[in-house]
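Working notes, structure below.
Note that the structure is a prediction, hence the values are computed from the model and not measured. Chain identifiers are assigned alphabetically (A, B, ...) following the order of the sequence lines, protein sequences preceding nucleic acid strands; residue numbering begins at 1 within each chain. For the numbers below, each heavy atom of this structure counts, side chains included, while hydrogens, waters and symmetry mates do not.
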Amino acid sequence: MNACWTIEFLNRLSTDITVAQSEAASTTIWQIESRHWQRFAELASQCQVRWVAGWAEHLDARFLVNACFENAGVYIVLRTAISCATPELPSQATVYPAANRSERHTQDMFGIHFIGHPDKRRWTRHQAWDKHSYPLRKDFPVHGKPQDITPPDMDYPFIKSHGAGVYEIPVGPVHAGIIEPGHFRFQAVGELILNLEERLGYVHKGIEKIAEGRAPEALARLAGRVSGDTTVGHCWAACRAMEQAAGIEIPVRASLLRGILAERERIANHLGDIGALCNDVAFVFAQMQFTRLREGWLRGNASYFGHRLLMDRIIPGGVACDVSDSACSLIKQEIVQLRAELSELVPALDLNSSLEDRFYTAGLLSTEIAAAFGTLGYVGRASGQNFDVRRDAAYPPYTQVRVRVPVEAQGDIASRFWVRYKEINASLHLIEDFIDLLAAGDIRAEWQTPQADSESLGIVEGWRGEITAYIRFGSDNKIARYYPRDPSILNWPALEKLVLNNIVPDFPVCNKSLNGSYSGNDL
Amino acid sequence: MLRLFSKILKTGVITERCKTPKNDELEQLGIEIKRRIDKKFSGSIAIREVDAGSCNGCELEIHALNNPYYDIERFGIHFVASPRHADVLLVTGPVSRHMQTALLRTYEATPNPKWVVAVGDCAVCGGEFGVSYASCGAVSNVIPVDVTIPGCPPTPLALMKGLLGLIKA
Ligand code: SF4
């Protein structure tokens, strides 16, 4: 299918399903009747349309249920309205496994029932609110009715296995390292992993609820804390959505600076994780070398942009900080140095037999499974998913440059490792290109209060992959709904698949090679 | 193998020392920490890090304490895998309600005497998340806190300073 897949697809639908089309601030919305919800998914999946994100909204006496789809870089938001009196509609998770946890999240947060959903269990809800309360309904107070001590979530019905020699290993929520909390339940025979079940939601902080009523700047700050390692990515997606909704065009210089920030964030994370991957297979030399490079890079962030992790550098309408010409030439020198370091280090890694032993063929994720789960970013691209928002649905400043997207088909830890290394090189080029394109100019457009009810979807490529942020404004410049979809939400389920038939001691390196965000998933 | 050795030799020791001009605070701080640790803890403290609901930004900076620039272990401060081996709990994040019991249990599992350090604005005062149906806010709302290290996230230097504060207390 080509870029006008939507036209062809609408023709195909016309016999079964009536679609009411509308355009809202760079977002195409297709409204259908709720009874066709699943049928639409069936037809879409037959046409290789990708399921991107799902979320709901509570408006007066009805719920709007949304699902975003993409093909060839063209996105649409599918929408249906259901009444609060009978909050149910057919599930899309039967067709798209990617929609599974998202629908369970909507079920827990809104009390919307997805008919025929293959998994009836709760997901985001543990014990902080009861089964008949739904935090994202408008009549649920932001403080809720918490108990003094929220009890642990003891009776979650994990999948059980039986048979001689099968045993279970429960891990978490508090893990042994300096890492976010989550629970993993393994079933194993000997050292072999038969099944892994993830139980997340431990760091659910009510981000969607506390976003309501915020002013744009405050929402941007919150977005920058959806997942600290992706502060630039989430902040950019949310600001893009807000700017589109308000009809604001940001200055060219601001978009180039955003590009530099986002690529710096990508490089910092890749450097850190490449070291950590080596550490997980006890190759401490590389860990030390890469944490050294990462530290140097973060110090660069602090000196050029004023924050090591680049938090709050992106603000509604533009960016909060400018860079001088002399800083630009320092950044260019830094890039030359980093390349020289990598050209020394990487051959040493490539020739190392213990890395080869542990990385090749371990943690295999097939192209088919990656596609079925809508796996994103370097995890998807290491399993043949040739997609990158920066190239395929380009937005400024990526519209002005050529974005190189490394893709591999092997799908093992080694592939993910090498894709990330190649992405560092591609990002270094991009930063150089952006610096060359910088011309004097404003770094912030004046904010204009958007009309009440204006909405938009902001989409950017974060370092983990595609990030979408849905925003609806209420009156008086206040946020009525914010839903950020971190790539981890789609990547976590892939971990359950790629560890199968690996040995338990390889779990940490398998996990690290995917590196999902717990915070970005749990919201 | 030769490549590795030559890179190691070429990199040299980059851990920051007092001779480094301007960035000297680090070494002073470290020596100060070491002196106090020696006195109170016979030369070492064991830290168990607990993410009780953070955005993961604080974890990134705590990790940095182990990189060769800071190399916090040289001062006898090391991270351990179990609260049962720990003298200090380093807690980040607003405490999410879903982590409340886990944090309480971790606290109980840590032998006395023990100290709790709340790391980052969220842990200190609730930060951007505050108290809600999903969040208990500051760590002190859940367990007693001895030292607070503000910042979003605190830099590795601020973390070292904060640990010094603990040992002084
Ligand atoms: S203090 Fe800042 S970096 Fe730390 S958990 Fe809170 S928001 Fe994240």
Side-chain angles (χ1 to χ4, degrees), chain A residues 126-129 133 135 140-146 149-153 173-174 176-181 201-207 209-210 218 221-222 224-229 231 272 285 288-289 291-292 294-296 298 302 308-309 311 344-345 347-348 351-352 517-520 522, chain B residues 1-4 6-8 10-11 14 47-70 79-83 90 92-94 96-106 122 127-136 142 152-153 155-156:
Chain A
H126 289 200
Q127 302 291 334
W129 64 95
S133 307
F140 185 100
V142 66
H143 284 281
K145 281 189 233 133
I149 295 176
T150 301
D153 195 31
V174 178
I178 302 170
I179 174 180
E180 298 180 79
Y202 286 92
V203 286
H204 175 69
K205 296 185 275 292
I207 287 175
K209 187 76 178 179
I210 61 174
R221 270 202 312 279
L222 182 65
R225 286 155 182 82
V226 165
S227 180
D229 52 18
T231 179
F285 162 80
M288 284 301 150
Q289 292 289 344
T291 53
R292 175 176 69 83
R294 178 181 155 93
E295 177 67 23
L298 296 189
R308 285 166 55 93
L309 302 183
M311 274 179 168
E344 274 179 11
L345 278 172
L351 294 173
N352 188 282
S517 164
Y518 299 69
S519 183
D522 298 350
Chain B
M1 215 49 187
L2 272 181
R3 275 176 199 273
L4 304 194
S6 87
K7 184 68 191 168
I8 290 168
K10 210 166 142 191
T11 309
I14 57 160
I47 298 182
R48 170 65 247 203
E49 197 270 347
V50 185
D51 174 344
S54 104
C55 78
N56 78 29
C58 282
E59 276 60 36
L60 295 174
E61 294 296 55
I62 295 173
H63 259 293
L65 290 173
N66 285 320
N67 77 34
Y69 284 90
Y70 304 106
F79 290 88
V80 293
S82 166
L90 209 59
T92 64
S96 75
R97 298 207 184 268
H98 291 170
M99 277 301 286
Q100 191 180 10
T101 306
L103 177 61
L104 284 166
R105 287 184 181 172
T106 307
C122 291
E128 203 59 49
F129 304 99
V131 176
S132 73
Y133 78 94
S135 161
C136 306
V142 179
C152 183
T155 60

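- Contact annotation for B:Ser82: neither backbone nor side-chain heavy atoms come within less than 4.5 Å of a heavy atom of chain A.
- Only the side chain of A:Met311 has a heavy atom closer than 4.5 Å to any heavy atom of chain B.
- Taking the centre of each ring, B:Tyr133 and A:Phe140 come in below the 6.0 Å mark.
- Neither the backbone nor the side chain of A:Lys145 comes within contact range of chain B; no heavy atom of the residue lies under 4.5 Å from a heavy atom of that chain.
- Interface remark: B:Val80 contributes backbone atoms only to the contact with chain A (heavy atom separation under 4.5 Å).
- With a 4.5 Å cut-off on non-hydrogen atoms, A:Ile210 touches chain B through its side chain but not through its backbone.
- In this structure, chain B has a heavy atom under 4.5 Å from the side chain of A:Phe285, while its backbone stays farther away.
- When each of B:Pro68, B:Ser135, B:Gly57, B:Ser6 is scored by its heavy-atom pairs under 4.5 Å with chain A, the top score falls to B:Pro68.
- Proximity to chain A (any heavy atom under 4.5 Å) is restricted, for B:Leu104, to the side chain, taken from C-beta onward.
- Ionic pairing of B:Glu128 and A:Lys205 is not present here: no N-O contact between side-chain nitrogen and carboxylate oxygen is shorter than 4.0 angstrom.
- Proximity to chain A is limited to the side chain of B:Phe79, based on heavy atoms less than 4.5 angstrom apart.
- Proximity to chain A involves both the backbone and the side chain of B:Cys152, based on heavy atoms less than 4.5 angstrom apart.
- Using a 4.5 Å cut-off between heavy atoms, A:Pro152 contacts chain B through both its backbone and its side chain.
- Partner B:Phe129 forms a side chain to side chain contact (heavy atoms under 4.5 Å, CB included) with one of B:Ser54, B:Pro94, B:Ser96 and no other, that one being B:Pro94.
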